[in-house]
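As the structure is a computational prediction, the values presented were derived from the model and not from experiment. Below, chain A is the first sequence line, B the second, and so on; all start at residue 1.
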Amino acid sequence: MALTDLQLMAHLFRRAGFGAPRDELEAAMARGYEATVETLLHPETAPEVEEDLLQRYYIDAKESFQLDGAQVGWVYRMVTTQRPLEEKMTLFWHGLFATGFNKCDDPRVITKQINMFRRHGLGSFRELLVELSRDPAMIYWLDNNQSRGDAPNENYGRELLELFSMGIGNYSEDDVKASARAFTGWTLAPTLPRQPYGRFDWEFEYRPELHDDSVKTFLGETGPWNGEDIVNLIVKQPSAARFIARHLYNFFVADEPQVPAWATVPPRDPEAINVLVDAYMTSGYDMRSVMRTLFMSDFFRSEQAYFAKVKNPTELVIGTVRLTKDFGFLRQGLRELSLECRYMGQDLLNPPSVEGWHTGKEWIDTGCLVERINFAAQQVADVRKPGVRLIVDRLQVAGPLAPERFVDMTLDLAGPVRVRPSTRQALIDHVTPGGELRFDDSAAGAAGQRVSELLQLIVATREYQLN
Amino acid sequence: MADKTINGKAPKLVVLQLTGANDYLNTVVPYTNPLYYDNRPNMRIPAEQVQPIDDTLGFNPNMQAVKRLYDEGKVAIIHSIGYPNPNYSHFRSMDIWYTCEPEKVSSEGWLGKVVRDLDPKGDNVLTAVNFGRGLPRALSLSGVPVASVAQLDTYGVLTSLSGATRSMAMETFLRMYSGTEGGDEVLRYMGQTGLDAQKGADILRSAADTYVSTVKYPEGNPIAASLRGVAQTKFADLGTRLFYTAHGSFDTHASQMPMHAKLWKEVDGAIDAFFQDLREHNASEDTIMLIWTEFGRRVKENGSGTDHGAGGVAFVIGEHVKGGQYGAFPSLRNEDLTQQREGMFGNLRYSYDFRGLYSTIVDRWLGLDGSAIVGGKFEQLAFV
């Protein structure tokens with residue numbers, strides 16, 4: 001069964017951003033799907049987030065040495081941005097090039113990296129990998145500042161191939177060594193140690209005297225390769241195209257098995273991967289082109305992709321907040337949002353390791369599911385929030401509503417959220433003892449409470465956990 | 001099966017994972033071996049700081065409680081542990097330890113299988129409890145419930161509602177999570193997880209309420225907080241047999257000396273409080289603790305740290321553990337280290353397969369069939 005225009009638009013906003021309340025979806029539908037995709041692909045056409053406003057309410061959000069402030073800054077952007085794909089791509093690259101506060105110890109340096117993803121996330125993959133290799137947080141995270149021509153440190157040279165661009169099985173240990181040698185001299189300035197001098201505004205520095213400029217053989221090609229040559233040799237590999245295509249599919253289309261299984265488990269939709277690989281190659285590694293292909297593709301706009309992903313914690317937290325239109329007027333409380341992401345297993349700017357987060361079904365265990373349900377229910381419980389008010393108002397205009405219609409309309413306005421027949425029946429049976437939903441003068445308060453309670457149950461469903 | 005008891009009590013296992021690869025050589029230090037000092041001109045523990053075990057090996061100075069327990073004969077040191085064809089990726093190596101599958105990628109955790117065998121019908125959703133965020137793959141097995149808690153006292157769903165409203169909502173919640181039509185695997189998994197969460201929640205919340213102890217766990221020490229949760233749950237007698245927790249990151253490519261010291265200080269303080277607590281509650285006899293890490297670190301230092309290695313060290317601690325050293329400390333001679341053709345030059349060789357350690361615990365401590373769980377017969381040790 002083909003998806004309706006409304007379902008499709010909600011799907012697009014959930015994937016290319018963090019979802020949208022009904023009035024925003026309707027405005028986008030008036031513009032049309034393709035035009036909406038183009039707007040998403042060109043963040044520069046929408047206003048920037050107002051950072052000044054953030055700093056008025058959160059004085060430590062920018063220059064803090066604590067993780068909290070930096071997380072608040074990013075959560076604020078995700079909640080308020082009018083450039084949703086820009087933020088979503090940034091989250092995608094953060095998961096793929098996972099760099100953690102736990103080692104870097106300075107959130108400013110990680111925020112710098114996030115800002116770099118924001119600038120380059122929809123540009124050339126080649127440039128992105130060069131920027132990544134020059135990124136101070138990455139250099140420190142994977143110890144490239146310890147790598148010298150006479151003693152190359154293999155950490156970055158290896159992970160660049162294994163985790164960031166090609167995947168295991170597509171290169172040899174000798175390629176790792178060549179890659180590590182080529183990136184010697186790509187280091188940080190100043191080089192003063194952390195102890196006892198504290199934190200610095202690190203900058204990238206290339207130091208020729210630390211670089212091994214001898215001839216190396218990398219992926220079968222021989223020359224006096226430097227780091228940028230390594231990137232150039234990587235990005236043209238079919239294995240790199242497939243690796244990025246599969247990551248994009250896994251993040252934007254439908255859940256794949258965990259990354260380590262990719263060497264042996266074929267993609268869920270090999271044809272879709274081929275389409276993305278082609279877009280990558282023919283566009284010269286241009287991510288905007290690849291994303292356009294993805295969002296306009298049949299596989300994205302189909303039943304097989306619809307709710308075919310488990311929401312990651314950030315999608316669940318930000319998506320729920322955007323549905324309720326909270327923080328339209330800035331206030332305290334953003335810190336709680338970033339903490340919720342942590343409790344649900346996604347500590348932003350601080351992934352568990354360089355491998356990033358396990359995704360899909362692995363977001364769900366008893367502890368995390370409890371956190372997800374309780375957070376979302378808490379958010380939608382308050383009928384004074386503009387987004388919840390919007391739902392109540394629409395129900396009121398349509399009322400009085402018999403139990404079935406009450407449930408169906410609320411499910412529709414809260415997403416649309418598509419639930420199984422048994423879930424729907426449980427919800428209908430739940431509201432049936434209360435009879436029709438009526439907003440007569442005497443019953444208005446009670447009706448609001450009934451909507452609040454039903455919304456809490458809807459976000460507690462299994463189906464709401466899907467994106 | 002699973003009827004084995006220790007003085008009438010069911011045996012329990014606490015697993016503590018040192019995430020990120022703990023450096024073997026600076027944990028159990030070969031303080032009289034000149035090759036140690038040759039390879040570690042800076043990343044070394046000076047001989048006078050080592051806590052000697054014998055005339056060749058000694059504990060890291062931060063492992064004071066471990067040393068004390070060792071002197072009491074309660075700590076087994078498992079030397080040179082690893083697996084064939086060492087993998088140098090954290091992710092992959094952890095998965096190998098989690099699943100006992102060095103060859104292929106598997107999603108079935110060995111402890112998930114232990115839970116299944118301890119409680120084949122899934123009668124108790126609290127047979128295994130993980131303390132921390134997210135479940136390690138060691139505990140994951142389709143159809144096997146494992147409670148995962150961050151904090152005991154705030155555990156349960158739909159806490160935004162209260163009273164009669166919540167009771168009715170909970171009924172609806174249970175119905176919504178019980179539907180099985182459609183056969184979607186992820187929704188089915190979520191359904192089971194939701195039902196398990198609900199079952200376990202009320203019981204677990206009470207564990208924190210009933211706990212009384214004079215033992216002070218170190219403040220600001222996350223692994224101590226986790227082990228306190230283990231103790232609370234254990235004392236509440238909920239039928240929990242398996243407790244899991246982790247600490248890290250031990251991935252000391254750089255700044256190893258201060259980092260490694262801090263991490264072991266935290267782990268050691270947590271172990272100290274935990275075993276004191278067990279003894280205070282007369283509850284130490286039925287419990288052993290396994291401490292493991294995904295691999296050791298390179299013999300030769302590199303700048304201010306060490307790179308990924310191969311052979312490592314594990315520990316088993318408990319009242320009923322026959323303390324001492326098991327297996328041989330590895331040779332540090334160049335020709336005895338792993339060679340380039342094996343993927344990496346300069347790592348300690350493993351001489352004991354971790355699956356033997358697991359099967360020792362599964363067979364001899366838990367009374368289950370170890371070879372079925374680890375996938376084959378491996379040399380067992382006599383520490384229990």
Heavy-atom pair count under 4.5 Å with chain A, highest-scoring of M190(B), E181(B), M168(B)
E181(B)
So do F307(A) and V186(B) actually touch side chain to side chain, heavy atoms under 4.5 Å?
no
Where does N153(A) contact chain B at under 4.5 Å (heavy atoms): side chain, backbone, both or neither?
both
Turns out that what part of P152(A) lies under 4.5 Å from chain B's heavy atoms comes down to backbone
Taking only residues two or more places apart in sequence, or in another chain, which ones meet N302(B) in a side-chain hydrogen bond (donor to acceptor under 3.5 Å, both in side chains)?
D307(B)
Heavy-atom pairs under 4.5 Å with chain A are the metric here; pick the option from A169(B), G305(B), G20(B), S178(B) that has the most.
A169(B)
Search all heavy atoms of N374(A) against all heavy atoms of G156(B) and return the closest pair with its distance.
ND2-O, 2.6 Å
Using non-hydrogen atoms only, which part of P421(A) is less than 4.5 Å away from chain B: side chain, backbone, both, or neither?
both
Which portion of V419(A) sits near chain B, non-hydrogen atoms under 4.5 angstrom
neither
Atom CG of L187(B) and atom OG1 of T423(A): how far apart are they, to the nearest 0.5 Å?
8.0 Å
Taking 4.5 Å as the heavy-atom cut-off, does anything in residues 456-465 of chain A contact chain B, and if so which residues?
Q456(A), L457(A), A460(A), T461(A), R462(A), E463(A), Q465(A)
Residues that R372(A) engages under salt bridge (Lys or Arg N to Asp or Glu O under 4.0 Å), provided they are two or more places apart
none
Check against side-chain hydrogen bond (donor to acceptor under 3.5 Å, both in side chains), S160(B) and Q378(A):
CA-CA 6 Å; S160(B) 55; Q378(A) 192 82 52; 5.1 Å; no
N170(A): which residues meet the side-chain hydrogen bond (donor to acceptor under 3.5 Å, both in side chains) condition with it, sequence neighbours left out?
none
Top residue by heavy-atom pair count (under 4.5 Å) with chain B, among V176(A), V310(A), I168(A), L466(A)?
L466(A)
Heavy-atom cut-off 4.5 Å, strictly under: side chain, backbone, both or neither for S304(B) against chain A?
both
Starting at NE2 of H308(B), measure out to CD of E154(A) and round the result to the nearest 0.5 Å.
9.5 Å
Go through it in stages, so that I can follow the logic: the residues are I373(A) and L158(B), the test is side-chain contact (heavy atoms from CB on, under 4.5 Å), and I'd like the CA-CA distance, side-chain angles, deciding distance and then a yes or no.
CA-CA 7 Å; I373(A) 291 169; L158(B) 287 172; 4.3 Å; yes
Output the distance between atom CG (D143(A)) and atom OG1 (T252(B)), rounded to the nearest 0.5 Å.
9.5 Å
Backbone N or O of A254(B) within a donor-acceptor pair of the Q146(A) side chain at under 3.5 Å?
no
Quick one: pull up CG in L369(A) and OH in Y177(B) and give me the separation to the nearest 0.5 Å.
4.5 Å
Atom pair CD/CG of Q258(A) and D95(B) - distance to nearest 0.5 Å
9.0 Å
Please classify the contact of V125(B) with chain A as side chain, backbone, both or neither, using a heavy-atom distance under 4.5 Å.
neither
State whether D429(A) and R175(B) are salt-bridged, where the test is any N-O pair (Lys NZ or Arg NE/NH1/NH2 against Asp/Glu carboxylate O) under 4.0 Å.
yes
Between L142(A), N145(A), I364(A), D255(A), which shows the greatest number of heavy-atom pairs under 4.5 Å with chain B?
I364(A)
Start with the C-alpha gap between H430(A) and E171(B), add the side-chain angles, then the distance that decides, and say whether side-chain contact (heavy atoms from CB on, under 4.5 Å) holds.
CA-CA 9 Å; H430(A) 186 85; E171(B) 270 178 44; over 6 Å; no
Atom group of R166(B) that falls short of 4.5 Å from chain A, counting heavy atoms
neither
What option among D184(B), L161(B), D196(B) has the most heavy-atom pairs under 4.5 Å with chain A?
L161(B)
Roughly how far, to the nearest 0.5 Å, is CZ of R188(B) from NZ of K361(A)?
9.0 Å
Heavy-atom distance under 4.5 Å to chain B: side chain of A377(A), backbone, both or neither?
both
